[in-house]
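Quick notes on the structure that follows.
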Amino acid sequence: MSGAAWHARVECGTEVGAGFLVSGRRLLTCAHVVRWSGDAPVTVTFPGHRELGELSAAVAVHGGWRGGAADRGDLAVLELEREVPLTPAAFARPGAERVAPAPELVAYGFPKGYDEGMLASYRAVPGPLISDEWVQLEALTGHGQPLAAGFSGAAVTLADGTVVGMVSAVAGARDVRVGRMLPVEVMARYWPELGELVPTPGHRSDARRRLYALVRRAEEAGLPCEPNRLYVSAMDDFAPPPPEGGFASLREAAAYVQWEVTEPGAVARFADRLEELLEERPQTVPPRPATWSPIVVEIDHSGAGADQVTVEVSAYRDGRRRPVGSRRMARSAVRAFVQERIDEAFTQLDPGAEELITFVLPREWLNEPVAHWACSEDDPTPLGCAYPLVVTDRYRHRSGRLRHQLRKRWRELGVSPGGKLHRVECGTRERPAGLRKRLRDGAELAGFAVPPPAAREHFEVGLNLPVPVLLWPRRGCPGDGHDGACSGTAFLDELAVSVAGVPPSELPRLVMELRETADAADVPDEHWARDVQLLWDDPRCFAEPAAPLHSPVG
């Protein structure tokens with residue numbers, strides 16, 4: 001064990017934990033070990049190679065852990081400042097820790113006072129996974145080193161040094177003999193790239209390596225394929241259906257074939273189909289619209305006063321959320337904080353990603369002019385002209401009912417060539433109940449002639465139904481009787497022409513182009529699209545729920 005140079009000590013703020021190297025620059029640890037990475041540096045050392053010194057690291061992938069002891073996804077992938085000349089860890093077959101007789105398992109952690117590390121001997125309790133997530137560990141003796149604080153993120157290994165999992169929950173004060181680990185197959189759920197490194201029962205290693213080599217080729221070439229269709233076309237009738245919400249990426253689909261499809265030829269067949277698309281018939285799968293990589297700005301009341309808000313900025317990569325920063329502040333300070341954190345969030349996106357700025361706002365703030373905020377103090381370009389930018393309602397973003405219904409609606413849309421714009425006119429006499437019935441019958445887009453405060457009940461209907469897209473002018477008609485031409489009606493007329501034939505998935509880019517056109521007009525304030533606001537809500541872009549904003553009270 002002491003000769004395994006890939007064991008690492010990880011420090012972030014007041015947290016100390018363990019980690020283990022899986023490539024020249026990447027290592028795995030627990031998300032809770034680096035929970036303060038938005039405000040504190042992450043440093044990594046290798047006890048077996050102290051000459052490497054302290055290395056800085058950044059969170060490259062976050063498993064979606066939300067802060068609780070029983071929350072899922074307590075995994076983070078760290079990317080080191082440079083490659084290290086060490087051989088990475090090797091993985092055992094999934095389930096190797098639970099065979100009979102139960103093998104001895106060893107973890108290398110860093111409890112308080114032992115910066116050089118300590119070893120702990122445990123065994124896995126046989127049986128099903130706890131909540132389909134964890135393997136329970138029990139100490140082999142009553143007097144050995146417990147899995148105390150400092151072991152979180154440690155690799156759990158067999159006698160030959162191969163990794164079967166990662167320590168995720170350590171012993172409390174009352175019981176020092178038990179702990180939990182994430183087995184390798186669960187870790188791969190939160191980081192699909194891990195599948196390339198783990199041998200899988202039923203699938204040949206050469207087929208697995210070929211599959212992931214083709215996935216890398218497809219990613220590098222920007223292959224326009226839809227992973228859900230590719231999966232269905234490659235599998236037989238006995239294969240499990242795609243997961244609810246579909247696959248966020250080609251790599252996620254490949255990992256699903258590896259882990260969830262037991263038929264021996266499935267990996268090779270999926271690889272064959274992918275190779276066909278790369279080499280021979282790329283036109284057989286229609287090009288898909290942009291797969292957006294969101295940067296999410298979530299703003300909410302803090303509970304500490306009317307002027308105090310909590311802001312959290314995150315970025316999504318490989319379908320996983322990467323927290324960038326969270327802070328409570330006065331409302332007047334929000335813009336500067338958001339400008340800085342959005343710029344930082346771009347470093348977390350894949351180099352070829354289609355960025356999408358998403359503001360998740362309380363309902364009463366949906367009309368905020370966030371698209372007009374400058375990119376930075378040094379760049380006055382409006383955010384909505386520099387990037388596709390959308391807003392969504394905070395309740396809608398977190399409602400399990402609406403997320404489920406919206407997923408179904410977006411799947412039904414597929415590669416829709418664009419649908420009818422359902423108009424809500426200025427001063428409409430349509431009762432909210434009538435609008436509800438009209439929009440419930442499959443509406444894709446709803447356009448309002450007035451901003452939310454002028455037609456509050458009608459907006460409530462649109463927000464509480466799974467209508468994928470809502471648009472409105474932030475300024476304009478008050479919604480009551482007025483003299484002269486109606487700017488709200490003119491807005492809807494122009495909007496209907498602009499969105500005709502545009503797939504709903506492409507509307508963020510279209511609206512950005514409209515904002516650019518308005519901003520470049522001779523009299524920008526008179527252009528109909530100057531203040532267009534787009535509420536666009538595709539849950540498939542947010543494979544993991546947003547982390548809760550840190551509450552400063554309670």
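To the nearest 0.5 angstrom, D307 atom CG is 12.0 Å from H301 atom NE2. Atom CD of E15 sits about 10.0 Å away from atom SG of C30, to the nearest 0.5 Å. The CD1 atom of I342 lies 7.5 Å from the CG atom of L389; values are rounded to the nearest 0.5 Å. Taking OG of S121 as the reference point, atom CZ of R123 lies at 13.0 Å (rounded to 0.5 Å). L119 contributes atom CG, which lies 7.0 Å from atom OH of Y108 (distance to the nearest 0.5 angstrom). Taking CG from L21 and CD from E83, the interatomic distance works out to 9.5 Å, rounded to the nearest 0.5 Å.
The stretch residues 47-57 participates, sequence neighbours left out, in no salt bridge (charged side-chain N to carboxylate O under 4.0 Å, His left out) pair at all. Sorted by first then second residue, the ring pair (Phe, Tyr, Trp, His ring centres under 6.0 Å) pairs that include residues 340-362, not counting sequence neighbours, are F346-Y387, F359-W373. Among residue pairs with one or both ends in residues 73-95, none qualify as ring pair (Phe, Tyr, Trp, His ring centres under 6.0 Å); sequence neighbours excluded.
With salt bridges taken as basic N to acidic carboxylate O contacts below 4.0 Å, none links R66 and D74. Salt bridge E185/R98: present, at least one basic N to carboxylate O contact under 4.0 Å. Looking at R341 and D39, a side-chain N of the basic residue comes within less than 4.0 Å of a carboxylate O on the acidic one, giving a salt bridge. Taking a cutoff of 4.0 Å between a charged side-chain nitrogen and a carboxylate oxygen, R321 and E312 qualify as a salt bridge.
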key: side chain to side chain contact (heavy atoms under 4.5 Å, CB included) between F20 and V10, worked out   = CA-CA 9 Å; F20 53 103; V10 180; over 6 Å; no
inquiry  = Under the criterion side chain to side chain contact (heavy atoms under 4.5 Å, CB included), I'd like the reasoning laid out for R394 against L361: C-alpha separation, chi angles, the key distance, then a yes or no.
reply    = CA-CA 5 Å; R394 180 168 165 76; L361 303 169; over 6 Å; no
request  = Go through E193 and Y212 one step at a time and tell me if the side-chain hydrogen bond (donor to acceptor under 3.5 Å, both in side chains) criterion holds.
outcome  = CA-CA 9 Å; E193 290 181 39; Y212 283 102; over 6 Å; no
request  = Determine, stepwise, if the pair F247 / Y256 fulfils ring pair (Phe, Tyr, Trp, His ring centres under 6.0 Å).
outcome  = CA-CA 9 Å; F247 302 111; Y256 189 82; 5.2 Å; yes
request  = Given side chain to side chain contact (heavy atoms under 4.5 Å, CB included), test W536 with C541 step by step and report yes or no.
outcome  = CA-CA 11 Å; W536 184 95; C541 288; 4.0 Å; yes
request  = Take M235 and R273 through the side chain to side chain contact (heavy atoms under 4.5 Å, CB included) test and state the conclusion after the steps.
outcome  = CA-CA 10 Å; M235 295 299 104; R273 188 74 183 94; over 6 Å; no
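E298 has its side chain out of reach of S314: every pair of non-hydrogen atoms, C-beta onward, lies at least 4.5 Å apart. Contact of the L52 side chain with the T45 side chain is not registered, since no non-hydrogen atoms from C-beta on lie closer than 4.5 Å. Contact annotation: the side chain of P466 never approaches that of R403 to less than 4.5 Å [non-hydrogen atoms, C-beta and beyond]. With a 4.5 Å cut-off on side-chain heavy atoms, W191 and R26 count as touching. Residues V313 and R327 fail the side-chain proximity criterion, which asks for heavy atoms closer than 4.5 Å.
A donor-acceptor distance shorter than 3.5 angstrom exists from the side chain of T347 to the backbone of E344, with no hydrogens or angles considered. Counting only distance, with no hydrogens or angles, the side chain of R72 and the backbone of S131 share a donor-acceptor pair below 3.5 Å. Looking only at distances, a side-chain donor or acceptor of W292 sits under 3.5 Å from a matching main-chain atom of S505. When atom types are taken as modelled, the side chain of W65 and the backbone of G68 share a donor-acceptor pair closer than 3.5 angstrom. Side chain of T157 to main chain of V106: a donor-acceptor pair is present (N/O by atom type, distance under 3.5 Å, no hydrogens or angles). For the pair W410 (side chain) and D537 (backbone), a donor-acceptor distance under 3.5 Å is present. A side-chain donor-acceptor contact under 3.5 Å links Y122 to the backbone of L147. Not one N or O on the side chain of S399 forms a donor-acceptor pair closer than 3.5 Å with the backbone of Y395. Counting only distance, with no hydrogens or angles, the side chain of E133 and the backbone of G73 share a donor-acceptor pair below 3.5 Å. R217 places no side-chain N or O within 3.5 Å of a backbone atom of L214 that could act as its donor or acceptor partner.
With sequence neighbours left out, R269 forms a salt bridge (charged side-chain N to carboxylate O under 4.0 Å, His left out) with D236, E263. For A70, the side-chain contact (heavy atoms from CB on, under 4.5 Å) test picks out no residue, with sequence neighbours left out. For T358, the side-chain hydrogen bond (donor to acceptor under 3.5 Å, both in side chains) test picks out no residue, with sequence neighbours left out. Judged as a side-chain contact (heavy atoms from CB on, under 4.5 Å), and not counting sequence neighbours, the contacts of E11 are R9, V16, T43. Contacts of R25 classified as side-chain hydrogen bond (donor to acceptor under 3.5 Å, both in side chains), with partners at least two apart in sequence or in another chain: none. Residues passing the salt bridge (charged side-chain N to carboxylate O under 4.0 Å, His left out) test with R251, sequence neighbours excluded: E196, E219. Applying the side-chain contact (heavy atoms from CB on, under 4.5 Å) rule to T87 yields no partners; only residues at least two apart in sequence or on another chain are considered. Taking Q348 as the reference, A315, R322, V324 meet the side-chain contact (heavy atoms from CB on, under 4.5 Å) condition, with sequence neighbours excluded. Applying the side-chain hydrogen bond (donor to acceptor under 3.5 Å, both in side chains) rule to E355 yields no partners; only residues at least two apart in sequence or on another chain are considered.
Between G153 and T29, the shortest heavy-atom contact is CA-OG1, 3.9 Å. In this structure, P539 and L406 approach most closely via the heavy-atom pair CG-CB, 3.6 Å. Residues E97 and P183 share a closest heavy-atom pair of OE2-CB, 4.0 Å. For the pair A40 and C12, the tightest heavy-atom approach, listed with the atom from each and the gap, is O-SG, 4.0 Å. In plain terms, the two heavy atoms of V215 and L274 that are nearest each other are N-CD2, 3.9 Å. Listed here is the closest heavy atom pair of A96 and V164: CB-CG1, 4.3 Å.
Of the N and O atoms on the side chains of Q339 and S376, not one donor lies less than 3.5 Å from an acceptor on the other residue.
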